[in-house]
Novice: 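Dropping a structure here in structure tokens format, bear with me for questions.
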2 protein chains.
Amino acid sequence: MADRDGREGGETDVVGFRPLYRQVKDMLVRRIADGRWQTGQLIPSEFQIAHELAVSQGTVRKALDEMTGENLLVRRQGRGTFVASHDDDRVLFQFFKLSRDGGEREFPDSDVQSVARIPADAAVRAKLALPAGAFVVAIRRVRSLGGERVISEMIVVPAGRFAGLEREEPIPNNLYGLYAARYGATIARATETLKAVACPPDDAKLLGLDAGTPVLIIDRVAADLEGTPVEWRVSLCRTDSFHYLSDLR
Amino acid sequence: MADRDGREGGETDVVGFRPLYRQVKDMLVRRIADGRWQTGQLIPSEFQIAHELAVSQGTVRKALDEMTGENLLVRRQGRGTFVASHDDDRVLFQFFKLSRDGGEREFPDSDVQSVARIPADAAVRAKLALPAGAFVVAIRRVRSLGGERVISEMIVVPAGRFAGLEREEPIPNNLYGLYAARYGATIARATETLKAVACPPDDAKLLGLDAGTPVLIIDRVAADLEGTPVEWRVSLCRTDSFHYLSDLR
DNA sequence: CAGTGGTCTAGACCACCAC
DNA sequence: TGGTGGTCTAGACCACTGA
């Protein structure tokens, strides 16, 4: 690598030492973030990357291993290393935690109620770190498991970053795949806040419940590779015969 | 190592090849599981373990790194590698997901209502994989955050594995620390199932709520290093000004 | 200062896959 | 058969800690 953190002269770093493999990792993450490496694509072999960056193969390996651990890459022995894609299975496993009691995990269907480009109010701007005057695209939809309506949700994304999303037709079931493929936005992490509340009348109607029935409310902010918030989503879920699964490790 | 997976003769493994570093890891995990390495204890250095097992230092490092990633070990540069302990901070971070809206994470207080040794009913036996006729110790307690009652919970553990727990006095706030210190049971993982329900009258009284208020119900089964279920816990949580936090990565 | 974990390298060989 | 990732080794040097 060009300079190896500027340590060639042998001076002691007082602060801010960054291991070589992390610098390599940052460089490779950037290649995904800015779209030079597309979702699902085969990336160069360890040896090629090592040669290109003038670094040993072991250092590249450590960077790739960390990225694999963060679900950014998928490695397949004998074939190569691929940029992870937001296919249904991954999204299901990583981001969809609701399933039928006693049932297998299952990808939900979606029934879009409305899509609109609207000004962001203060609450939305706070969640997505947007400036005053920003616009957002808001989607309302109902999701079903096994034909039964289970989730009523509202999704909000910045209109600037997702220009034209409100004219997308149809709105796909798996939104994170769309974000990556059409807008170069890779969802890497999300933070969910859960509460139990009485179901409001409008959502109750959509879900076929009595108003006031206890439902789970999931407030999610999803972020991209740089940690920038990209989507705010509030989901009301019936949990009479469904549940939210959380694995603590 | 004694045999290195029996591959010395150079024969091809048709099935069941297990990398050396995993065999090392299994061996070291067993030392924690059976109490030869106690919680919080300093373990031998990489070099010493490598020499003892006749394996290279890099192989030991890979085993230790995996164990560190699973929160079984804590490594401190310049000092050594330690068996992770269930101190308040770790339990708070890894296993306690409820906090006040807008507040910092905080360790809850406990107010024990009852402790009893009782026969396990069918539901309990199913959760903890116990045979017919088994006994359990059941604990009921109320937990508070900042002086406010927030959680009403029931905890059930096998009486065989935790002999005399019902006579423990006092029942400590941090149970997982007690499990490790007195009964050699390290809680390594837990699976939580969440639902929103109407609060039953008894719990409502304990939490100072109106019966029927929506509350979050958390059904947790906690397992030890071998994956054996060790504890079943059902927690009713008020979420009017509190929330459950789930990080998706 | 000695001892620990952390990083980096170089090279060997194995397991797997596609051609 | 060649190329990929996966494992294992050996050794050098760096960064941190505590006596």
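The figures that follow rest on heavy atoms only: side chains count, while hydrogens, waters and symmetry mates do not. Just so you know, these numbers come straight off a predicted model, no measurement behind them. All chains are named by letter (A, B, ...) in the order of the sequence lines, taking the proteins before the strands, and each is independently numbered beginning at 1.
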Novice: Looking only at the side chain of Tyr21(B) (C-beta and beyond, no hydrogens), which of the listed nucleotides dC8(D), dT4(C), dC16(C) gets closest?
Specialist: dC8(D)
Novice: Between Arg220(A) and Glu153(A), does any side-chain N to carboxylate O distance fall below 4.0 Å?
Specialist: no
Novice: Does OP1 or OP2 of dG6(D) have a side-chain N or O of Arg75(A) closer than 4.0 Å?
Specialist: yes
Novice: Check this for me, if you would: do Arg75(B) and Glu46(B) make a salt bridge, where the nitrogen-to-carboxylate-oxygen distance has to be below 4.0 angstrom?
Specialist: yes
Novice: In the structure shown, which nucleotide is the Watson-Crick or G-U wobble counterpart of dC19(C), with both distances under 3.5 Å?
Specialist: none
Novice: What's the closest nucleotide to the Leu20(A) side chain, out of dT7(D), dG5(D), dC8(C)?
Specialist: dC8(C)
Novice: Show your working on side chain to side chain contact (heavy atoms under 4.5 Å, CB included) between Met67(A) and Val29(A) and close with a plain yes or no.
Specialist: CA-CA 8 Å; Met67(A) 291 171 72; Val29(A) 167; 3.8 Å; yes
Novice: According to the interplanar angle, ranging from 0 to 90°, do the rings of His86(B) and Tyr176(B) count as parallel (below 30°), tilted (30 to 60°) or perpendicular (above 60°)?
Specialist: perpendicular
Novice: Taking any heavy-atom pair under 4.0 Å as a contact, classify Phe47(B): base, sugar-phosphate, or nothing.
Specialist: nothing
Novice: Rounding to a whole Å, what distance do you find between Ile43(A):CD1 and dG3(D):C1'?
Specialist: 15 Å
Novice: Do Ser144(B) and Asp109(B) have side-chain atoms, one donor and one acceptor, less than 3.5 Å apart?
Specialist: no
Novice: Roughly how many Å is it from NE2 in His51(A) to P in dA10(C), rounded to a whole number?
Specialist: 12 Å
Novice: Hey, is CZ on Arg31(B) packed in by over 12 heavy atoms from elsewhere, all under 6.0 Å?
Specialist: yes
Novice: Of the nucleotides dT9(C), dA10(D), dG5(C), which has the atom closest to the Val55(A) side chain?
Specialist: dT9(C)
Novice: Are any of Thr59(B)'s side-chain N or O atoms less than 4.0 Å away from OP1 or OP2 of dT9(D)?
Specialist: yes
Novice: In this structure, how many angstroms lie between the P atom of dC16(C) and the CD atom of Glu46(A), rounded?
Specialist: 17 Å
Novice: Return the 5'-most residue of the pair Gly78(B), Gly78(A) with respect to DNA chain C, ranking by each residue's nearest nucleotide.
Specialist: Gly78(B)
Novice: If you look at every heavy atom in Thr239(B) and Lys195(A), which pair is closest and at what distance?
Specialist: O-NZ, 2.9 Å
Novice: Once you round it to whole Å, what is the distance between P of dC8(D) and CD of Gln57(A)?
Specialist: 16 Å
Novice: Whole angstroms only, please: what is the CD-P distance between Gln77(B) and dG18(D)?
Specialist: 12 Å
Novice: Which of residues 61-69 of chain A sit near DNA chain C, with a heavy atom under 4.0 Å from it?
Specialist: Lys62(A)
Novice: Report, as yes or no, whether the 6.0 Å neighbourhood of atom CZ on Phe107(A) holds more than 12 heavy atoms from other residues, nucleotides or ligands.
Specialist: yes
Novice: Return the nearest nucleotide to the side chain of Ser56(A); candidates are dA10(C), dC16(D), dC8(D).
Specialist: dA10(C)
Novice: For Arg76(B) and dT17(D), what is the distance between atoms CZ and P respectively, to the nearest whole Å?
Specialist: 10 Å
Novice: Hey, is the side chain of Thr81(B) poking within less than 4.0 Å of OP1 or OP2 on dT4(C), counting only N and O atoms?
Specialist: no
Novice: Using whole Å, what does the distance between atom C1' of nucleotide dT9(C) and atom CD1 of Ile49(A) come to?
Specialist: 17 Å
Novice: So does Arg79(A) get a side-chain nitrogen or oxygen closer than 4.0 Å to the phosphate oxygens (OP1/OP2) of dG5(D)?
Specialist: no
Novice: Starting at CG of Leu42(B) and ending at P of dT17(D), how long is that distance when rounded to a whole Å?
Specialist: 15 Å
